[in-house]
Amino acid sequence: MTWSQMQPLLSQACWDTLYMVGWSTLIAVVGGLPLGVLLVLTDRGGLLQNVVANKVIGQIVNVARSMPFIILMVALMNFTRSITGTTIGREAAIVPLAIGAIPFFARLVETAVREVDGGLVEAVQSMGGNTWTVVRKVLVPESLPSLISSTTTTIVALIGYSAMAGTVGAGGLGDIAIRYGYQRFETDLMWITVAILAVVISVIQFAGDFAARSLHRRGGRSGPAPKLRLLKAGVSSPAADVSKVA
Amino acid sequence: MPPPTPRAGTPTPALDSDGNPVITTSGLTKVYRSRGREVTALDGVDLHVREGEVYGVIGQSGAGKSSLIRCVNLLERPTSGTVTVAGQDLTALAGRGPRAGRELRQARSRIGMVFQHFNLLSTRTVQDNVELPLEILGTSGKERSRKALELLDLVGLADKAKSYPAQLSGGQKQRVGIARALAGDPKVLLSDEATSALDPETTRSILQLLRDLNRQLGLTVLLITHEMDVVKSICDSAALMEQGRIVESGTVSELLATPDSELAAALFPVDGEAEGEDSTVVDVTFQGEAATQPVISQLARTYNIDISILGAAIDTVGGLQVGRMRIELPGQYEDNVVPIGFLREQGLQIDVVGQERPALVQEGAK
């Protein structure tokens, strides 16, 4: 296969992957953020303490998280068809991807929000703030660097899931790797796909780390000016990348 | 409001002199239940803080101070008892369930609170931190920043408005905390160990600031602390807490005038061991006018006795000039009834050390 043959295939596949991952990340964040916050609020000693609700949500999240994605995808086929009208193609893949990612992200949100100092919550309560104020002014802004890291992790995980979605006709880079690389022994194309995935993941991880870091630094010690920080973040990030991707 | 029931050894809270009580708790009890175990953090606390005073509650950790101050704005729900702040019964506003209703939240916004660990939002600038309570009150943007800058100026941090908390020192952070607590124009400021995370010098400057605010704005301050120095330097009144109860309370001068007061002894310690077996050791406390009289030499001359001074100190406690002296008189207590009576006549506070106090003496002190 020549490059001119591969090129349109690859660019279409890249676009499909980003399309699926982009939409499912968006839905996962919109759905997972409130769920994660709710998990913290309803927990024992939380502002909306409700042991039953907490157990129920926690259980749903656990089951959905521990489900292998490929099974979840097959199990959700009817549901997917009822929403998108089909089970094939990138739109159809977004449904199971998003549903798989919501509990994943929710747990990460829960961990991030739990890290917020309870004293800050108390301070806002002492000012007369209600629960919504606490969420909006304290829990989310104070955990934002962690939330951004969590989003990065979710995107990377979704890129992995999207490759599996490729096996059931969703298109994307995973689909290319399987159809050409595995089934037709087009080793070159497969390696290029792998390289593209590696680059995409690295870029996303780097961007996410950088965003989280610069937000974190804003409240950090009087550090160097923003431009210098870029350099510093660049130097120290590969190690972080490796550990997070792994 | 029912009159507080004085416990044995507790001086009746002074409500007479100047001003109405702004914070009153009566029969405040807080019991924590966890896994079948019950811990009583507050055990029937009656507290009366008058308008415009700085009131210190002191006690060791675990004495219940923290629970007490959190019950005052109902961050902790008391198990029983009532809390009244500025004429409003907060316990009645609380309703059931752990969530604070609108009325309680409004009441809270009129009570400022500063914390040991400052509790500033790290992602907001100093100015935005001070604006936070105003955002909650729904103040408009322009008014918010005007007020925030004014308050930062008041606490001496006008130049740090755009900094982030992490760029400030501990003392500066606490100043921001204080500015934030004042944003809602509170009449009452609660201070939860506000200086406990600070070094001695910064502690002094923060206490000075609280004192100034108390004077300038007529702010009533209720503070809890485990440091006697805090009480000594700024409090008008104080209470000692032990195991969830208030053991002693009153204005500083009342406490100093109370025989055997633990607080007074801690606020104003004098040491010195008696030299001879056959002697009486007496603590003499001077306040105000009496401090200027040469009583000891008068005593020696009048009764022709030899007096040894074992220890003495003069200090300012709660803005009050106080002196205390431990002296040794020859002979048993019975031999010294007359000289001691003489000292009492001079308007001095006399405590006989290391002796079961005869009923008569206690009567005389009151």
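Residue numbers begin at 1 in each chain, while the letters A, B, ... track the order of the sequences. This structure is a prediction, so every number in the text was calculated from the model and none was measured.
- We find that Lys137(A) and Glu142(A) are not joined by a salt bridge, their nearest charged nitrogen and carboxylate oxygen being 4.0 Å or further apart.
- Taking the six-membered ring where the residue is Trp, Phe210(A) and Phe206(A) present parallel rings, their angle staying beneath 30° rather than reaching 60°.
- For Arg102(B), no part lies under 4.5 angstrom from a heavy atom of chain A.
- Ring pair Tyr161(A)/Phe69(A) is parallel by interplanar angle, where below 30° counts as parallel and above 60° as perpendicular.
- Comparing Gly118(A), Gly119(A), Pro145(A) by heavy-atom pairs within less than 4.5 Å of chain B, the highest count is held by Gly119(A).
- Between chain A and the options Leu104(B), Leu121(B), Ile136(B), Asn73(B), heavy-atom pairs under 4.5 Å are most frequent for Leu121(B).
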Which is it for Gln49(A) and Thr42(A) under the side-chain contact (heavy atoms from CB on, under 4.5 Å) test, yes or no, and what are the steps along the way?
-> CA-CA 4 Å; Gln49(A) 180 175 330; Thr42(A) 54; over 6 Å; no
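- Using a 4.5 Å cut-off between heavy atoms, Leu48(A) contacts chain B through its side chain alone, with no backbone atom that close.
- With a threshold of 4.5 angstrom between heavy atoms, Gln116(B) does not approach chain A through any atom at all.
- Within 6.0 Å of atom CZ in Phe79(A), 12 or fewer heavy atoms from other residues, nucleotides or ligands are found, so the atom counts as exposed in its surroundings.
- The part of Leu120(B) that comes within reach of chain A is its backbone (N, CA, C, O), which places non-hydrogen atoms under 4.5 angstrom from that chain.
- Interface residue Ser126(A): backbone and side-chain heavy atoms are both found under 4.5 Å from chain B.
- By the 4.0 Å N-to-carboxylate-O rule, Arg110(B) lies too far from Asp185(B) to be salt-bridged with it.
- Interface remark: of the candidates Leu120(A), Thr131(A), Val116(A), Asp117(A), Leu120(A) forms the most heavy-atom pairs closer than 4.5 Å to chain B.
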